[in-house]
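Working notes for the structure below.
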Amino acid sequence: MKEKILTTRKNGMAVLLLSILIYAAAIAGTIYGSMLLEEGKNPALFSICLTLLCITWLLWPGLKVLKPQEALVLTLFGKYIGTLKEPGFYFVNPFCSAVNPASKTKLSQSGDVRTKKSAEGMELEAPTKKLSLKIMTLNNSRQKINDCLGNPVEIGIAVTWRIANTAKAVFNVDNYKEFLSLQCDSALRNIVRLYPYDVAPNVDTTGDGIADEGSLRGSSETVATRIKNEIQDKVTEAGLEIIEARITYLAYAPEIAAVMLQRQQASAVIDARKMIVDGAVGMVEMALDRLNEKHIVELDEERKAAMVSNLLVVLCGNHDAQPVVNSGSLY
């Protein structure tokens with residue numbers, strides 16, 4: 001649906017002043033007409049002024065005030081006639097009605113103002129027919145989703161969005177806030193299922209048939225961009241614009257979190273041991289080369305093996321080595 005912007009109806013102040021003048025004149029005319037009516041003269045003036053007192057208030061429902069970044073979608077007997085977007089004091093057809101199907105919908109997002117309280121003390125949202133054109137942030141609830149390896153992870157996102165087309169937002173979907181929330185859930189599941197939590201071998205996350213190193217934890221920017229694009233494709237028809245999507249929470253599900261932590265710790269220990277062994281082998285090799293270059297001592301293959309074994313034990317051990325002094329012969 002094409003949006004129609006109404007910009008030529010900023011005459012609300014003039015109509016308000018005119019209605020006040022009409023009321024003042026009608027009150028004065030009614031008083032004067034009643035006096036004439038008591039004298040038995042023509043009651044036409046009294047009838048006209050009394051009629052004006054009864055119908056002039058019908059102009060007031062047509063007065064609309066808009067603040068910056070607000071919009072009002074108007075219909076007349078079921079037909080869309082246009083949208084008020086610019087701030088100002090407007091006068092429209094008093095029989096026009098404003099439409100906002102999401103006025104009573106409360107989500108975990110900015111822009112939903114709560115002003116009233118119920119009997120139980122819970123805050124309630126004050127519904128309004130005006131649409132907010134401000135940039136808002138939707139904090140969707142955390143979801144438990146299986147990654148591409150089947151591991152359950154909990155993930156939450158924050159989506160920054162705004163209304164780009166008021167006519168589509170109001171008429172193309174039943175409730176644009178609920179529609180956005182559902183599409184965020186769907187897009188999040190579609191994208192998360194393509195990635196492992198951590199880098200895994202032989203996993204293609206881009207769909208090009210080549211294994212890569214993409215992961216939820218290491219490629220958060222790429223994942224967020226793909227989630228944003230996925231949501232935008234789904235909500236364009238609803239007149240919404242997705243500005244940004246960010247991952248706000250990411251963790252393994254509680255039922256496997258302890259096991260995965262042990263796995264990560266084991267992997268870290270293996271990597272550390274590998275680095276220690278590589279360094280120790282290099283140091284032993286350097287020691288043997290220096291001994292040969294300086295001709296400090298001549299060692300046969302058996303003594304070299306014993307020396308290598310002792311050095312590796314000292315360099316790779318978890319605790320400080322306890323030296324043993326040999327006061328006898330090497331042989």
Close side-chain approach of Lys4 to Leu6, heavy-atom, < 4.5 Å: yes
Those residues that, when tested against Trp57, pass ring-ring contact (aromatic ring centres under 6.0 Å, His included) (two or more places apart): none
Hydrophobic cluster membership, Ile31 vs Ile20, 4.5 Å side-chain cutoff: yes
Counterpart residues, side-chain contact (heavy atoms from CB on, under 4.5 Å), relative to Asp204 (two or more places apart): Thr206, Asp208, Asp212
Pairs touching residues 161-173 that satisfy salt bridge (Lys or Arg N to Asp or Glu O under 4.0 Å), sequence neighbours left out: Arg162-Glu241
Under 3.5 Å: donor-acceptor pair, side chain of Gln183, backbone of Leu180: no
Which atom of Leu133 lies closest to which atom of Glu70, heavy atoms considered: CD1-O, 4.0 Å
Where Ile163 and Ser132 come nearest, the two heavy atoms and their spacing: CD1-O, 3.7 Å
Worked verdict on Ile242 versus Thr160 for side-chain contact (heavy atoms from CB on, under 4.5 Å): CA-CA 6 Å; Ile242 306 301; Thr160 305; over 6 Å; no
Shortest non-hydrogen separation from Tyr197 to Ser215 and the atoms involved: O-CB, 3.6 Å
Straight-line distance of Asn165 CG to Thr236 OG1, nearest 0.5 Å: 11.0 Å
Separation of Cys184 SG from Arg189 CZ (nearest 0.5 Å): 13.0 Å
Rounded distance [0.5 Å steps], CD1 in Ile227 versus OG1 in Thr222: 11.0 Å
CE on Met136 to NZ on Lys134, rounded to 0.5 Å: 9.5 Å
With Lys2 via salt bridge (charged side-chain N to carboxylate O under 4.0 Å, His left out) - residues at least two apart: none
Between CD1 on residue Ile48 and CG on residue Leu53, distance to nearest 0.5 Å: 12.5 Å
All pairs passing ring-ring contact (aromatic ring centres under 6.0 Å, His included) where residues 205-242 contributes a residue, at least two apart: none
Pair Tyr195-Arg217, side-chain donor/acceptor within less than 3.5 Å: no
Gln232 side chain vs Leu240 backbone, donor-acceptor pair below 3.5 Å: yes
Asn190: side-chain contact (heavy atoms from CB on, under 4.5 Å) partners, not counting sequence neighbours: Ser186, Glu230, Lys234
Thr205 to Leu194 - nearest heavy-atom pair and separation: CG2-O, 3.4 Å
Side-chain heavy-atom pair Tyr249, Glu154 within 4.5 angstrom cut-off: yes
Residue pair Val203 / Leu149, side-chain heavy-atom distance below 4.5 Å: yes
Exceeds 12 heavy-atom contacts within 6.0 angstrom, atom CD of Glu213: no
Linked, directly or transitively: Leu84 and Val15 (ILVMFWY side chains, under 4.5 Å): no
Pairs where residues 136-151 contributes a residue and the test salt bridge (Lys or Arg N to Asp or Glu O under 4.0 Å) is met, not counting sequence neighbours: Lys144-Glu255
Distance-only donor-acceptor check, side chains Asn140 and Asp185, under 3.5 Å: yes
Side-chain heavy atoms of Asn146 within contact of Pro152, under 4.5 Å: yes
Under the ring-ring contact (aromatic ring centres under 6.0 Å, His included) test, residues paired with Phe171 that sit two or more places apart: Tyr80
Leu188 side chain near Gln143 side chain, heavy-atom distance below 4.5 Å: yes
With Lys85 via salt bridge (charged side-chain N to carboxylate O under 4.0 Å, His left out) - residues at least two apart: Glu3
Listed once per pair and sorted, the side chain to side chain donor-acceptor pair (under 3.5 Å) pairs that draw on residues 15-28, sequence neighbours left out: Ser19-Trp60
Side-chain heavy-atom pair Glu178, Thr105 within 4.5 angstrom cut-off: yes
Within one Ile-Leu-Val-Met-Phe-Trp-Tyr cluster: Leu72 and Leu63, side-chain cutoff 4.5 Å: no
Minimum heavy-atom distance Thr137-Ala158, with the two atoms named: CG2-CB, 4.1 Å
Donor-acceptor side-chain pairing of Glu221 and Thr225 below 3.5 angstrom: no
Set of residues satisfying salt bridge (charged side-chain N to carboxylate O under 4.0 Å, His left out) with respect to Glu237, sequence neighbours excluded: none
Joint hydrophobic cluster, Leu18 plus Leu52, side-chain heavy atoms closer than 4.5 Å: yes
Nearest heavy-atom neighbours spanning Ala26 and Cys49: O-CB, 3.4 Å
Contact check, side chains of Lys129 and Val73, non-hydrogen atoms, under 4.5 Å: no
Asp278 atom CG, over 12 foreign heavy atoms within 6.0 Å: yes
Same apolar cluster: Leu21 and Met13, side chain cutoff 4.5 Å: no
Contact check, side chains of Leu131 and Val170, non-hydrogen atoms, under 4.5 Å: yes
Interatomic spacing from CD1 in Ile157 to OG1 in Thr248 - rounded to 0.5 Å: 8.0 Å
Side chains of residues 86-101: which donor-acceptor pairs under 3.5 Å do they make with residues two or more places apart or in other chains?
residue	atom	partner	partner atom	Å
Glu86	OE1	Lys10	NZ	3.2
Tyr90	OH	Glu86	O	2.7
Asn93	OD1	Phe95	N	3.0
Ser97	OG	Thr75	OG1	3.0
Asn100	OD1	Ala102	N	3.3
Asn100	ND2	Thr128	O	3.2
Asn100	ND2	Lys130	O	3.2

